[in-house]
Amino acid sequence: DAGVTQSPTHLIKTRGQHVTLRCSPISGHKSVSWYQQVLGQGPQFIFQYYEKEERGRGNFPDRFSARQFPNYSSELNVNALLLGDSALYLCASSFRESSNQPQHFGDGTRLSIL
Amino acid sequence: QKEVEQNSGPLSVPEGAIASLNCTYSDRVSQSFFWYRQYSGKSPELIMSIYSNGDKEDGRFTAQLNKASQYVSLLIRDSQPSDSATYLCAVTRSGSARQLTFGSGTQLTVLP
């Protein structure tokens with residue numbers, strides 16, 4: 001079975017632009033979460049979606065938004081990009097949204113802002 | 001105080017030795033605990049989950065949880081060079097959001 005798939009794998013943008021990152025969860029998984037990982041740190045939670053509804057939001061500015069589609073895939077949008085948005089963006093999926101459900105990560109999208 | 005703390009390392013052990021990785025967390029309502037392995041340039045890979053006090057073994061890996069001390073650890077027996085990676089401790093708590101809160105990770109190097 002395919003794991004969590006993310007696209008694109010790498011992306012280079014300039015300050016002020018916007019970006020859309022995509023994620024397809026493991027088949028049968030209904031919960032999708034997004035994380036940002038900067039070098040040398042653990043991933044930081046951005047959003048969680050379950051059954052197309054936002055279930056959680058981390059401490060990120062309103063420039064960050066996301067949505068989940070009927071097929072449970074998800075998009076993360078970031079507007080007005082800043083240099084500090086350069087990071088690895090990770091998508092994780094789990095079968096349900098409960099706290100004991102293991103989350104499985106995709107390979108991530110590496111975003112570089114010039 | 002960080003919510004989840006790990007020694008950043010680097011931690012070096014010889015091949016065949018036991019590697020011990022430690023993690024403390026500050027929120028007493030934390031419910032579920034996970035260890036992820038992350039190779040350089042790759043994404044985190046789940047290796048262990050633990051939900052109740054005590055030990056949980058899976059192959060060469062043993063996770064230990066002590067909720068009273070707010071402490072979770074990972075032991076890797078018979079360490080191999082392929083175990084060299086950053087190990088991330090993550091916790092979740094009950095509530096409306098089920099997000100993982102990660103530590104900064106411990107870099108482990110297993111020397112041949």
Are more than 12 heavy atoms from other residues, nucleotides or ligands located less than 6.0 Å from atom NZ of A:Lys52? yes
What part of B:Leu88 gets within 4.5 angstrom of chain A, counting heavy atoms only: side chain, backbone, both, or neither? side chain
Hey, what do you get for OG (B:Ser43) to CG (A:Leu90), rounding to the nearest 0.5 Å? 6.5 Å
Could you please spell out the steps behind the ring pair (Phe, Tyr, Trp, His ring centres under 6.0 Å) verdict for A:Phe105 and B:Tyr36? CA-CA 10 Å; A:Phe105 286 87; B:Tyr36 286 83; 5.4 Å; yes
Please determine whether the number of non-hydrogen atoms from other residues, nucleotides or ligands lying under 6.0 Å from atom CG of A:Leu114 exceeds 12. yes
Considering only heavy atoms, which portion of A:Tyr35 lies under 4.5 Å from any heavy atom of chain B: side chain, backbone, both, or neither? side chain
Drop me the distance from A:Gln44's CD to B:Gln99's CD, to the nearest 0.5 angstrom. 10.5 Å
How about CG on A:Asn71, more than 12 heavy atoms from neighbouring residues, nucleotides or ligands closer than 6.0 Å, or not? yes
Return yes when atom CG of A:Asp107 has more than 12 non-hydrogen atoms of other residues, nucleotides or ligands closer than 6.0 Å, and no otherwise. no
Atom CG of residue position A:Leu82 - does it have more than 12 heavy atoms of other residues, nucleotides or ligands inside 6.0 Å? yes
Do other residues, nucleotides or ligands put more than 12 heavy atoms under 6.0 Å from the CZ atom of A:Phe64? yes
From CA spacing to verdict: side-chain contact (heavy atoms from CB on, under 4.5 Å), A:Gln37, B:Gln38: CA-CA 12 Å; A:Gln37 187 177 25; B:Gln38 187 172 27; 2.8 Å; yes
Taking B:Ser104 for its side chain and A:Gly42 for its backbone only, find out whether a donor-acceptor pair lies under 3.5 Å. no
Are more than 12 heavy atoms, taken from residues, nucleotides or ligands other than B:Arg77, located less than 6.0 Å from that residue's CZ atom? yes
Contact class of A:Gln41 relative to chain B, heavy atoms under 4.5 angstrom: backbone
I'd like to know whether A:Gln103 forms a side-chain contact (heavy atoms from CB on, under 4.5 Å) with B:Leu46, so could you lay out the CA-CA distance, the side-chain angles of the two residues, the decisive distance to 0.1 Å, and finally the verdict. CA-CA 8 Å; A:Gln103 295 185 29; B:Leu46 179 68; over 6 Å; no
